[in-house]
Amino acid sequence: MIDIEKIRKDFPILNEKVYGKSLVYLDNGATTQKPQQVIDAICECYAHYNSNIHRGVHFLSNKATDIHEKSRETIREFINADSSEELIFTAGTTESINLLAYSWGDFCVEEGDEILVSEMEHHSNLVPWQLLCERKGAKFKYIPFDDNGVLSSDFDSLINEKTKLVCVNHVSNALGTINPIKDIIEKAHAKGVKVLVDAAQSIQHIKVDVKDLDCDFLVFSGHKIYGPTGTGILYGKKDLLNAMSPWQSGGEMIETVSLDKTTFNVLPFKFEAGTPNYVGNIALGRAIEYVNEIGIDNIEKYEADLLKYAHEKLSSIPSLKIYGNAENKASLISFLIEGTHPYDIGTLLDRMGIAVRTGTHCAETVMQHFDIPGTIRASFAIYNTKKDIDDLYEGLLKITKMLGL
Amino acid sequence: MIDIEKIRKDFPILNEKVYGKSLVYLDNGATTQKPQQVIDAICECYAHYNSNIHRGVHFLSNKATDIHEKSRETIREFINADSSEELIFTAGTTESINLLAYSWGDFCVEEGDEILVSEMEHHSNLVPWQLLCERKGAKFKYIPFDDNGVLSSDFDSLINEKTKLVCVNHVSNALGTINPIKDIIEKAHAKGVKVLVDAAQSIQHIKVDVKDLDCDFLVFSGHKIYGPTGTGILYGKKDLLNAMSPWQSGGEMIETVSLDKTTFNVLPFKFEAGTPNYVGNIALGRAIEYVNEIGIDNIEKYEADLLKYAHEKLSSIPSLKIYGNAENKASLISFLIEGTHPYDIGTLLDRMGIAVRTGTHCAETVMQHFDIPGTIRASFAIYNTKKDIDDLYEGLLKITKMLGL
Amino acid sequence: MTIQEKQQDIIDEFSVFDDWMDKYSYIIELGAEMPALDSKYQTEDNLIKGCQSKVWFHADYIDGKIVFEADSDAIITKGIAAILVRVFSNETPKDIIDADLDFIDVLGLKQHLSPTRSNGLLSMLKQVKIYALAFSNK
Amino acid sequence: MTIQEKQQDIIDEFSVFDDWMDKYSYIIELGAEMPALDSKYQTEDNLIKGCQSKVWFHADYIDGKIVFEADSDAIITKGIAAILVRVFSNETPKDIIDADLDFIDVLGLKQHLSPTRSNGLLSMLKQVKIYALAFSNK
Ligand SMILES: Cc1ncc(COP(=O)(O)O)c(C=O)c1O
Ligand SMILES: Cc1ncc(COP(=O)(O)O)c(C=O)c1O
């Protein structure tokens with residue numbers, strides 16, 4: 001069970017006033033707020049044991065290294081990976097995907113090959129593949145979705161012997177759809193095709209188990225799961241990561257260098273060039289511990305309830321249209337108010353202290369599908385309450401009145 | 001003038017005990033400690049206005065964006081760049097250089113071209129160029145240094161019409177040499193060749209003015225100048241950056257996307273893919289302000305004095321040999337004790353609470369030059385004192401006694 | 001009326017609202033009142049980059065003065081554009097270039113000035129000044 | 001003596017030092033006393049990866065028992081290697097595989113156990129166990 005009052009106390013920003021009003025933060029899809037525990041983990045490191053990790057012989061360096069690697073282990077356990085060698089620390093989802101597109105892509109994709117991407121991807125899981133296809137003369141194909149925001153179920157008809165990778169998000173950041181990842185992976189694997197799961201919008205909301213999913217790669221950002229900015233994870237199956245060439249070079253990812261020749265370190269260091277964001281990575285581990293303390297299953301249940309409530313409330317506004325009506329949804333509602341621009345609604349909600357995101361949410365292909373300029377998106381996290389949704393609802397009623405709708 | 005007692009109070013970690021002894025932190029070349037002001041800037045952001053930057057319409061997002069861009073402006077002023085568009089936020093020196101090696105390198109370097117790198121580079125400014133040369137069939141050449149650690153002055157004889165770039169650090173992290181960057185740039189420019197300056201070990205110690213230097217690119221890491229981990233800067237002249245293709249893709253660096261075609265945002269966003277480490281970047285701005293409050297000229301003078309003192313003290317130990325005896329040095333001393341391995345010395349110093357780095361310092365070509373397995377490196381920052389150096393000196397005396405030297 | 005006077009007029013009009021809702025209602029009213037821009041001027045060229053909503057600014061140079069017309073698909077943006085049109089239209093390039101922009105602050109619209117992509121005001125002001133510069137060279 | 005007994009012996013020896021300097025002096029002494037490894041065994045194959053100093057472990061399998069010899073270019077590392085040689089040499093693969101490694105903690109050498117590249121102890125222990133596994137399959 002969730003003790004929401006206790007949880008809310010963990011997040012100092014929830015006491016903020018915006019234009020003199022209490023903050024109602026419903027922009028969690030963009031980034032989540034941080035519990036004091038995570039902020040403290042950062043301060044603790046800088047105030048007591050900050051030191052560059054790896055290769056150091058002194059006490060602080062060893063301590064920071066140990067805690068850093070313990071954090072990797074915490075995250076490994078959280079996603080149920082076999083080995084912490086399979087977890088690469090990155091700067092975020094976007095970097096994780098770019099690493100793959102360059103390292104895996106440049107060496108595994110050839111002219112005439114195909115990459116299959118869903119039509120509802122965040123730009124970060126679309127453009128790197130588009131550019132890879134350009135570099136390689138490969139074909140960029142996409143899995144369409146229907147007007148409810150559900151991916152075409154016979155997507156495997158798009159797979160052929162040229163297909164090298166399927167890239168799909170677990171939860172859509174623009175529609176909230178929970179995609180049937182496990183099914184997609186099974187069908188792709190049946191045809192010998194690898195699958196990358198973008199878990200940027202699922203990891204903080206629902207259980208993600210890489211072993212159960214059997215995904216080949218999985219990526220997410222730290223800042224969207226109560227962790228610090230500048231952190232992220234690339235999970236990959238060990239044999240795939242081992243076969244990949246390094247991408248960025250320099251620092252700990254190197255074994256030996258001479259002016260003639262360089263050899264590289266083992267996993268996971270092979271992909272971690274330069275001084276890592278070790279303080280961020282340590283704090284990300286603390287964020288995952290925080291999620292564990294509440295329990296991801298509890299979070300899933302609580303947020304599902306919240307989402308159901310939000311759907312009911314918002315649907316009762318006649319001029320409001322929801323985009324994304326899949327049966328399986330998580331964490332967010334995208335909508336428009338008839339005859340208005342999302343920017344207007346966002347601006348007016350803002351003046352009431354209600355933070356939502358408006359625009360294309362870096363998912364322009366979704367907007368193109370519906371031929372709309374963007375949506376208003378209210379996205380939830382563990383500290384949101386029904387009262388937040390009531391505030392949003394009341395705010396929207398006021399606004400429709402203001403706009404004479 | 002420097003008020004060292006006041007400065008030391010700003011750094012909470014300096015109160016740490018290591019094995020019950022007061023910490024003497026002389027590993028600043030690896031990473032510097034953080035003043036409370038920087039730690040507070042991080043907490044302040046997470047506790048009061050954390051929100052994903054750019055494109056947000058709400059109050060917190062605007063506030064975070066404004067402060068983020070103000071931070072870029074602070075850094076611009078610090079290095080005296082013409083425009084803040086010329087400053088790209090990266091994850092660190094290593095990422096800055098990799099960005100260049102891929103984005104500039106892949107489009108400007110062709111088969112048969114040459115890249116000229118100094119023999120005293122950190123791996124991060126060597127391996128990316130080595131790999132670029134491999135990808136392109138270009139030639140990797142190097143500027144040798146002499147046994148004092150001084151770069152060959154007729155290095156421009158190595159430049160020919162095939163040379164595309166000279167890559168050299170401002171201050172060597174293994175030897176402490178201050179390289180005559182301005183002269184190198186002038187000579188390279190006279191032959192129409194661009195220059196990348198690795199300022200990772202100079203930016204925190206001596207005045208760096210990109211306009212005065214007239215460098216084409218300059219890079220450094222936030223964590224080495226009292227800022228947070230996971231931050232860094234790539235400075236580039238505007239026309240060069242504009243001519244470069246994007247590297248990583250996704251997020252704010254995109255202008256519009258469709259399933260067929262993508263166009264990119266303007267500078268500096270074009271190179272900032274995904275959610276930036278905005279909290280880190282904001283705190284880096286605060287770190288630079290901290291340096292400004294003390295004054296980089298004051299820092300330079302104070303540390304030069306410290307280095308002189310350290311040289312005198314350490315030179316008086318008969319079995320001690322200093323590597324790097326250039327006339328112009330900054331911030332660090334690399335040395336060995338005859339008949340011992342650096343690891344032994346580092347381990348024993350550590351037990352006395354003295355943190356130094358031992359090993360190759362990611363500059364193996366320097367070690368190969370002298371045919372040594374590594375060095376012991378004591379590297380200084382603004383909060384170090386002559387007492388720290390005395391402690392190091394006494395510690396080394398004890399160790400030589402223990403080892404029967 | 002000078003630019004300065006027009007700005008003062010608008011400041012006076014806004015000063016009667018002590019509630020943000022009234023202020024925004026007024027902006028919305030201003031937006032609703034401004035005639036739509038002829039669709040032939042709703043071109044890629046006239047589109048202002050850096051706004052989340054679409055904003056078009058069209059400028060004519062008549063007898064040494066610039067005449068602005070504008071439109072937007074968002075009503076608040078259109079209202080703000082209407083304010084700018086009112087202040088800057090029928091002025092000489094030089095006066096526009098020299099104009100002080102503090103009135104934005106006074107109106108309490110500063111949050112629209114953020115240098116982000118979603119907030120159009122800064123981009124609109126920039127565009128107005130760019131037009132003025134362009135015409136001042138004629 | 002069993003591995004356990006040898007470990008206890010070493011713990012006893014170390015327990016007389018209440019000062020880290022004496023303890024490290026002793027480790028250095030152990031390093032100095034261990035004969036150099038024949039240079040023909042100082043091979044790439046015998047080199048242990050993941051240490052800042054060079055460490056070689058050579059193993060022979062004689063009458064069902066493993067005989068270790070080791071060397072290092074750093075004296076502290078060599079001293080630690082000497083402790084491992086003393087504990088694990090002349091033992092059966094099975095006993096080595098089953099051995100408890102808590103004595104490292106007790107000796108106060110835990111900081112050498114960090115899974116970093118600079119600290120060799122963990123890599124040495126791993127290598128000892130790898131040899132034992134390899135010979136146990138023979
Ligand atoms: C001269 C030099 N260049 C590059 C680097 C790499 O910096 P980072 O690890 O922060 O990317 C360092 C840091 O050790 C350095 O000293
Ligand atoms: C589904 C999805 N993928 C990728 C990203 C990019 O994440 P980041 O900006 O943290 O790299 C996001 C974040 O907006 C997202 O929602």
Side-chain angles (χ1 to χ4, degrees), chain A residues 12-13 16 18 30-31 33-34 39 42-43 46-48 50-52 55-60 91-92 94-95 98 123-124 126-128 130-131 142 221 223 228-230 248-251 254 256-259 262 273-275 277-280 343 346-347 350 355 357-359 362 364-365 368, chain B residues 12-13 16 18 30-31 33-34 39 42-43 46-48 50-52 55-60 91-92 94-95 98 123-124 126-128 130-131 142 221 223 228-230 248-251 254 256-259 262 273-275 277-280 343 346-347 350 355 357-359 362 364-365 368:
Chain A
I13 207 171
E16 259 335 90
V18 164
T31 199
Q33 299 304 338
K34 319 306 165 196
I39 302 174
I42 295 169
C43 296
Y46 283 132
H48 295 295
N50 173 57
S51 182
N52 208 327
R55 307 199 195 212
V57 296
H58 58 79
F59 183 87
L60 291 186
T94 302
E95 193 184 55
N98 277 278
H123 295 162
S124 292
L126 190 152
V127 181
Q130 220 175 25
L131 295 181
Y142 68 95
S221 297
H223 70 96
T229 57
Q248 293 195 46
S249 55
I254 286 163
T256 61
V257 166
S258 75
L259 290 164
T262 293
T275 299
N277 183 358
Y278 57 86
V279 179
Y343 178 76
T347 303
D350 174 47
R357 188 133 301 224
T358 63
C362 292
E364 284 186 49
T365 57
Q368 286 155 12
Chain B
I13 207 171
E16 253 346 82
V18 163
T31 199
Q33 299 304 338
K34 319 306 165 194
I39 303 173
I42 296 169
C43 296
Y46 282 133
H48 295 295
N50 173 57
S51 182
N52 208 327
R55 309 198 193 209
V57 298
H58 58 80
F59 182 86
L60 291 187
T94 302
E95 192 183 55
N98 277 278
H123 295 162
S124 293
L126 190 152
V127 181
Q130 218 174 27
L131 295 180
Y142 68 97
S221 297
H223 70 96
T229 57
Q248 294 195 45
S249 56
I254 285 162
T256 61
V257 167
S258 75
L259 289 164
T262 293
T275 300
N277 183 358
Y278 57 86
V279 179
Y343 178 76
T347 303
D350 175 47
R357 189 133 299 224
T358 62
C362 291
E364 284 186 51
T365 57
Q368 285 154 13

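So you know, we letter chains A, B, ... as the sequences are listed, proteins then strands, and number each from 1.
Counting heavy-atom pairs closer than 4.5 Å to chain A, the top-ranked of the candidates B:N277, B:T262, B:T358, B:V279 is B:N277. Ranked by heavy-atom pairs under 4.5 Å with chain B, the first of A:S51, A:P128, A:C362 is A:P128. In terms of heavy-atom pairs under 4.5 angstrom with chain A, the leader among B:L131, B:L60, B:I13 is B:I13. Chosen from A:S258, A:P12, A:G280, A:A91, the residue pairing most often with chain B at heavy-atom distances under 4.5 Å is A:S258. If you tally non-hydrogen atom pairs under 4.5 Å between each of A:T31, A:L126, A:V18 and chain B, the highest count goes to A:T31. Contacts with chain B were tallied for A:I39, A:T365, A:V127; A:V127 has the most, counting heavy-atom pairs under 4.5 Å.
Residue A:N50 forms a side-chain hydrogen bond (donor to acceptor under 3.5 Å, both in side chains) with just one option from B:Q33, B:H223, B:E16, and that option is B:Q33.
Under the side chain to side chain donor-acceptor pair (under 3.5 Å) criterion, B:S249 pairs with no residue, sequence neighbours left out.
Residue contact with chain A, scored on non-hydrogen atoms closer than 4.5 Å, involves the backbone and the side chain of B:C43 alike. Residue contact with chain A, scored on non-hydrogen atoms closer than 4.5 Å, involves the backbone and the side chain of B:T256 alike. In this structure, the portion of A:Y142 lying under 4.5 Å from any heavy atom of chain B is its side chain and not its backbone. Using a 4.5 Å cut-off between heavy atoms, B:L259 touches chain A through backbone and side chain atoms alike.
Taking both residues in full, the closest heavy atoms of A:N52 and A:T275 are given as ND2-OG1, 3.2 Å, listed atom of the first, atom of the second, then distance. Considering all non-hydrogen atoms of both residues, B:H58 and A:R357 come closest at NE2-NH2, 4.0 Å. Taking every heavy atom of both residues into account, B:I42 and B:P228 meet most closely at CD1-CB, 4.2 Å.
A donor-acceptor contact shorter than 3.5 Å is absent between the side chain of B:Q130 and the backbone of B:H123. Side chain of A:D350 to main chain of A:G346: no donor-acceptor pair is present (N/O by atom type, distance under 3.5 Å, no hydrogens or angles).
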